[in-house]
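Notes follow the structure.
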2 protein chains.
Amino acid sequence: MVTLRDVARAAGVSLATASRALSDAPHVSATNREQVARAAQSLGYRPHPAARALTTGSTGTVGLVVPDLANPFFAAVAKGVQARARETGREVLVADTDEDVTVEPDVITRLADRVDGLVLCSPRMSADALGDVASGGRVALVNREAPGVPSVSFDIADGVRQALDHLRALGHDAVAYVGGPRGSWSDAERRAASSALAGDALLDLGSFRPTHGGGVQAADLALAAGATAVLCFNDLVALGVLARLHARGVAIPDDVSVVGFDDVAAASLVTPALTTVAVPLARAGREAVDLLAPGGDAPHRRLPVELVVRSSTAPVAPAADRRTPRTTVPRSTDPEVVIR
Amino acid sequence: MVTLRDVARAAGVSLATASRALSDAPHVSATNREQVARAAQSLGYRPHPAARALTTGSTGTVGLVVPDLANPFFAAVAKGVQARARETGREVLVADTDEDVTVEPDVITRLADRVDGLVLCSPRMSADALGDVASGGRVALVNREAPGVPSVSFDIADGVRQALDHLRALGHDAVAYVGGPRGSWSDAERRAASSALAGDALLDLGSFRPTHGGGVQAADLALAAGATAVLCFNDLVALGVLARLHARGVAIPDDVSVVGFDDVAAASLVTPALTTVAVPLARAGREAVDLLAPGGDAPHRRLPVELVVRSSTAPVAPAADRRTPRTTVPRSTDPEVVIR
DNA sequence: TTGTAGGCGTTATCAG
DNA sequence: CTGATAACGCCTACAA
């Protein structure tokens, strides 16, 4: 391995001068600066990260904690974090909690010592615990807000409003809400917004796992409740609703309209393409790493969202025109079912 | 910050003893060992990673380079890497090349100095370049093989065989292959296998981008070629094929059968559910981090794959029964289209 | 078994 | 402007 010592020797200067030259600090003659640069170049010198970290106290890496890397929502945020970190010359250390709240503190501590700052995406832990963590060093939240901790979240209330306005404009008066996990910050936001906007007009179907399966489960409830439109916690759930409604013989969007949240890649690829509230995931990731910079207080950035209307929503059909859902649904592994 | 020095002082022993005690090295009296442990515990001592790295030369982190974190294939591998690293007490530093071959070397060098080992997933760079990189330190490949470099890949040939056998058993004789990117190692594997197995009986549709869009494009070609079954480079492509065939009014699996590769999550959620070759992605990630251990030579592990038959494949229909594809396809944003 | 001391590669402080 | 030199926190011969 080639050290700064080697470079200094090759350039015929002292260690100190070499160091200053390379970190283009002031007080270095132009000639020396160049000598050193040349020597470093030709020797292929690369500063030792650990040594640098030891003296400066800065590691040049940011940490990222997500519940599940395989979830497209978090993957998108991770891409943003990664991209911004790279642009600013930092590396990113990721940790996946596997959706397990109880490991969050452990994961965070393990990472904390190795990074300059920590981006916590959708942490499930309590606001208090979050406060403690944040007091230990620079932390930024994504898709979660907590007092005293910088965060970048989304204007969920506005997203709900856009979705509801859209549905109302199409004539839907019986719209159901498929909730996300209890205790989830972003579900609370959606609920608060929707009840403020629609009040009792909204059929609350309850809380579901934020997965395809959760949507399947919710779809039957929506049907039983006589909903003509369904607003879902996220796209994965919406996809599950779509699949189940289809299996039960209800036409989308003719018989019922479905709206998702997030605008994950799959939303636009599915048939019918999903109407959903697009959320700037990657941008959130990028901004979060910028919030890690020591700048002053704890800003709460709220990114704008936008309803993208695709094919899963349409004007309400008169009740008489709606097919009645099948009560028996064929096994999904049976090829016969899936003909369309 | 609490250092080893503090712990030693609190325990009433020297630095060296404290160090030995904590790394449970031999030659430490039981009492001292316990004293130190207690002190460390109560002070909340955590060894400084950089300092440790500086002396030991080992960072306790593994690097992971993937083309695209948002691609479910790579996300699954990343989860495996992450899980295994965590189990073995290491952290993972990820880098996303954004599918850009030209940045691979740069990304790799930047990471190399900060990690004990590097997992390269589906690198696009040349075998030679790969060899150079690997010579610089411990490297393991995933979904790619190169002489002299440890790797874990998949038994692609067997996957192709299983898919082709399945299709043949269903009576398909006109099966088309939708290829992946030129120069891709795994596409080369598929091609080699399929031509060895089916020879001219297989209609080679050419190379396509390994995305939904690539599949859309390929679908029309498959129709024009009169294929009754389509084998795709991966699931994303297969999903594109499905969507396009559907849009053109051809029934799946009645009119044409479609097979994917990878068994990404979306494959089982879509309607009709996709028949595909399941590949142990997470396991590959895990095994790759195990290959990073200094053990001897350069093993090439080849993981078994398995065809999972779902609803996108069925026996060939007599030609007379097949609908003729639409020649005009409605805009995908038109809700009318997507009724099913 | 224990402690002392040197060194890992850098940066930063201080005299020159 | 430059060069010794002292940290940074930890590990590990080596000596006691």
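None of the values given here were measured: they were computed from a predicted structure. Quick note on labels: first sequence line is chain A, next is B, and so on, each numbered from 1. Any value given below was found using the heavy atoms of this structure, including those in side chains, with hydrogens, waters and symmetry copies removed.
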If we ignore angles and hydrogens, is there a donor and acceptor under 3.5 Å between the side chains of B/Ser153 and B/Ser151?
no
A/Leu22 CG to D/dT2 P, straight-line distance once rounded to whole Å
14 Å
From NE2 of A/His27 across to C1' of C/dC14 the rounded distance in Å is 13 Å
Partner residues of B/Asp6 under the salt bridge (Lys or Arg N to Asp or Glu O under 4.0 Å) criterion, sequence neighbours left out
B/Arg9
Answer yes if the side chains of A/Thr102 and A/Asp100 hold a donor-acceptor pair under 3.5 Å, and no otherwise.
yes
Provide, to the nearest angstrom, the distance between the CD atom belonging to B/Gln35 and the P atom belonging to C/dG3.
12 Å
Sort me out a list of protein N/O and nucleotides 8-11 of chain C N/O pairs below 3.5 Å, or just none if empty.
from, atom 1, to, atom 2, distance (Å)
C/dT10, OP1, A/Tyr45, OH, 2.8
C/dT10, OP1, A/His48, N, 3.1
C/dT10, OP2, A/Leu4, N, 2.5
C/dT10, O5', A/Tyr45, OH, 3.1
C/dT11, OP1, A/Arg52, NH1, 2.9
C/dT11, OP2, A/Ser19, OG, 3.1
C/dT11, O4', A/Thr55, OG1, 3.2

Figure out the CG/C1' separation between B/Asp24 and D/dC11, and round it to whole Å.
15 Å
Any side-chain N or O of A/Asn32 under 4.0 Å from OP1/OP2 of D/dT2?
yes
Salt bridge check, A/Arg124 against A/Glu104: does any charged N sit closer than 4.0 Å to a carboxylate O?
no
Could you check whether B/Thr88 and B/Arg90, counting side-chain N and O atoms only, form a donor-acceptor pair closer than 3.5 Å?
yes
Can A/Asp116 and A/Thr59 be counted as having a side-chain donor-acceptor contact under 3.5 angstrom?
yes
Below 4.0 angstrom from OP1 or OP2 of C/dT1, is there any side-chain N or O of B/Ser29?
no
